[in-house]
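Contents: one structure, followed by commentary.
Numbers restart at 1 for each chain; the letters A, B, ... are given by sequence-line order, proteins then strands. Quick caveat, the model's predicted, so the values are computed rather than measured.
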Amino acid sequence: MARILITSALPYINGIKHLGNLVGSQLPADLYARYMRARGHEVMFICATDEHGTPAELAAAKAGKAVEAYCTEMHAVQTELAKGFALSFDHYGRSSSARNYALTQHLAARLGAAGLIEEVSEKQVYSNADGRFLPDRYIEGTCPNCGYERARGDQCENCTKQLDPTDLINPRSAISGSTDLEVRDTKHLFLRQSKLRDTLDQWIDRQQGWPVLTTSIAKKWLHDGDGLQDRGITRDLDWGVPVQFDGAPWRGMDGKVFYVWFDAPIEYIAATAEWADANGLDDAAWRRWWRTDEGADDVRYVQFMGKDNVPFHTLSFPATLIGSGEPWKLVDYIKSFNYLNYDGGQFSTSQGRGVFMDQALGLLPADYWRWWLLSHAPENNDSEFTWENFQASVNKDLADVLGNLVSRVTKFCRAKFGEVVPEGGSYGVREDQLIQALGARLRAYEQHMEAMEVRKSAAELRALWVLGNEYLQEAAPWSVYKTDPDMAAAQIRLSLNLIRFYAIVSQPFIPQATSKIMASLGCTDWTWPSELTSALDRLETGHSFEVPDVLFAKMTDDQRQEWAAQFAGERRDA
RNA sequence: GGGCCUGUAGCUCAAUUGGUUAGAGCAGAGCGCUCAUAACGCUUUGGUUGGGGGUUCGAGUCCCUCCGGGCCUACCA
């Protein structure tokens with residue numbers, strides 16, 4: 001039994017996440033966590049809301065709420081949606097927790113003591129009307145290069161030229177539109193990542209089998225231009241972890257907070273501490289996952305994230321942990337994902353384009369979405385959601401191949417033998433062949449799951465389901481029953497056990513439907529079927545069950561058309 | 001501009017890293033079955049692997065070039 005620490009990239013607090021966000025981190029992380037638990041490993045699966053930063057403040061202001069209250073509310077909403085999608089976090093924390101404040105400040109102090117923090121004075125644009133400093137991209141104006149009137153302070157979206165906010169003609173606040181802007185001096189802390197460049201480079205080189213997407217992004221940042229740049233880790237904001245605190249190795253940083261990207265990954269650790277607190281456990285309980293000197297040496301740590309998160313997880317966060325000089329557990333494997341597009345364009349939180357988590361659950365049960373998203377996960381390329389593809393996939397895979405198999409077996413049994421595992425007969429050559437075929441495919445499935453090959457795992461799982469239909473067709477118990485009821489009984493006995501087998505191995509993908517199957521079978525033994533022969537004998541003669549309701553109702557053409565139209569534009573309540 | 005990824009059947013994707021005749025699912029066609037959610041099974045039609053050139057005994061895979069798609073480029077997160 002191994003110990004596996006799993007973190008999903010933290011969803012940002014400013015609204016409900018769309019399906020692209022979901023499939024990029026939380027959902028595959030959940031798949032892996034569920035699988036590893038099913039295999040009997042000790043798993044710690046951590047996620048949290050990422051609550052700091054300018055967008056959170058603006059979203060709260062837009063909602064007419066104090067930022068803290070807004071975040072509390074949105075955290076509750078996201079927690080419910082996570083439950084709705086059956087995401088099996090051991091803890092779903094908050095980056096605004098007291099634990100994260102303390103740990104962020106602790107690590108910053110350690111970095112300061114190690115000479116890895118530098119104070120830098122900068123000039124930054126301040127908006128009098130908004131009463132805040134503006135990040136570059138929150139300043140709009142006319143591009144000096146192409147004349148585009150809605151160029152942002154960091155880059156012109158029209159001509160793609162890199163800009164400095166002071167380059168803009170007629171600059172204005174993107175928040176209020178105010179032109180009452182001025183350049184002010186402000187002091188910030190920079191993390192001297194450049195001093196750790198070689199250390200990080202060698203650390204990346206030592207990693208085996210990481211996705212190209214992960215390593216290529218890290219290498220690019222390490223070697224592009226002058227190499228890894230130092231990074232500002234503080235901001236002039238109200239909401240966040242205070243930079244000035246007791247014991248801080250710097251002065252004059254009152255009123256500033258740490259940059260959201262500095263404290264967010266630290267929340268992985270802090271959330272584990274929150275987990276311990278929530279369960280009445282002591283510090284040793286969480287430290288054995290994170291401190292290599294306190295038991296984390298044998299932990300395997302896997303992170304899941306979209307590709308936009310990679311630089312922070314391959315460079316900044318490791319720099320923070322390594323630079324602290326303390327024996328924190330570093331990530332062992334980073335599984336990164338490309339983007340999921342929506343019907344010819346990008347999902348967009350700001351534009352309300354695509355299907356969002358709350359809306360999805362309002363249309364269909366979570367398993368439909370889980371299955372489609374995971375079986376089409378954007379592992380090698382960006383992938384695309386279309387309603388046609390979604391309908392075809394879930395109807396065929398879930399309703400026809402799996403759901404209908406459960407239905408035909410249980411209903412046939414009820415009709416001929418009653419709702420009880422029938423006795424009589426014995427397994428023959430055909431049954432042995434089935435068990436052999438199942439074993440081969442199960443091993444392939446296990447290997448893909450271990451390797452976090454999500455799409456391949458889904459394909460292999462589906463192939464396992466197909467074996468059941470093939471067997472049933474060949475065995476034809478409805479026909480055999482007429483001349484040899486005992487043999488038909490044996491065939492159905494195996495088929496009922498086969499359904500249980502499918503429930504167990506499919507659980508990581510479709511936990512809600514598989515729970516229904518197991519409940520119908522009156523079985524609570526979810527032991528992974530490593531020993532196939534005995535696993536397929538688990539439901540014994542005389543064991544009673546109930547025919548389940550239709551597991552997966554099909555998505556109709558009318559629904560598809562209605563939903564495609566409904567989600568063609570922007571969401572109205574955004 | 002620079003970097004990375006990518007282009008394979010009508011659609012969505014594979015191809016053990018250069019090795020026999022490029023494979024699956026869906027869609028299409030034909031047959032079978034009648035237990036089942038008009039479900040299932042069997043058979044089958046689809047490919048000059050984006051175009052062109054090169055290396056090699058051998059290229060989907062490596063190199064060059066052109067065309068198309070995507071992402072990143074450090075103050076959104």
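One can place CZ of Phe262(A) at 17 Å from C1' of A77(B), the figure rounded to the nearest angstrom. In this structure, Phe347(A) places its CZ atom 23 Å from P of A77(B), rounding to the nearest Å. Across the protein-nucleic acid pair, Asp400(A) atom CG and G25(B) atom C1' stand 13 Å apart, rounded to whole Å. Between the CG atom of Asn380(A) and the C1' atom of C4(B) there is a distance of 14 Å, given to the nearest Å. Atom CZ in Arg235(A) sits about 8 Å away from atom P in C76(B), given to the nearest Å. The CD-P distance, from Glu474(A) to G41(B), rounds to 12 Å in whole Å. A36(B) atom P lies 14 Å from atom OH of Tyr481(A), rounded to whole Å. Phe337(A) places its CZ atom 23 Å from the P atom of C4(B), with the value rounded to the nearest Å.
With its glycosidic angle within 90° of 0, U17(B) is assigned syn.
Taking the six-membered ring where the residue is Trp, the centroids of Tyr268(A) and His313(A) are separated by under 6.0 Å.
Evaluation of atom-type donor-acceptor distances gives a pair under 3.5 Å for the side chain of Trp261(A) against the base of A77(B). Looking at Gln124(A), its side chain comes within 3.5 Å of the base of C75(B) through a donor and an acceptor atom. Between the side chain of Asn404(A) and the base of A36(B), at least one donor-acceptor pair of N or O atoms lies under 3.5 Å. Checked by distance alone, Glu122(A) brings a side-chain donor or acceptor within 3.5 Å of a matching partner on the base of C75(B).
Using cut-offs of 30° and 60° for the angle between ring planes, the Tyr368(A) and Phe552(A) rings count as perpendicular.
Side-chain nitrogen and oxygen atoms of Arg462(A) include at least one within less than 4.0 Å of the OP1 or OP2 phosphate oxygen of C26(B).
In summary, the side chains of His188(A) and Thr234(A) do present a donor paired with an acceptor at a separation below 3.5 Å, with no hydrogens or angles considered. Judged by distance alone, the side chains of Asp397(A) and Trp465(A) never bring a donor and an acceptor atom under 3.5 Å apart. Between Asn395(A) and Lys554(A), the side chains place no donor N or O within less than 3.5 Å of an acceptor N or O (distance only, hydrogens not considered).
The nucleotide whose nearest atom lies closest to any side-chain atom of Val466(A) is, among C35(B), U6(B), G41(B), G41(B).
Salt-bridge check for Asp50(A) with Arg94(A): failed, with every basic side-chain N at 4.0 Å or more from each acidic carboxylate O.
Stems are defined here as 3 or more consecutive Watson-Crick or G-U wobble pairs with pairing distances under 3.5 Å; those involving RNA chain B are B:1-7 with B:67-73, B:10-13 with B:23-26, B:28-32 with B:40-44, B:50-54 with B:62-66.
Mapping Lys482(A) and Pro135(A) onto RNA chain B by nearest heavy atom places Lys482(A) at the nucleotide closer to the 5' end. Residues Val409(A) and Tyr138(A) both approach RNA chain B. Their nearest nucleotides, taken by heavy-atom distance, put Val409(A) toward the 5′ side.
Stacking annotation: Trp478(A) is stacked on the base of C35(B) (ring centroids less than 5.5 angstrom apart, interplanar angle below 30 degrees).
Cation-pi check for Lys307(A) over Tyr339(A) is met; the charged atom lies under 6.0 angstrom from the ring centroid and within 45 degrees of its normal.
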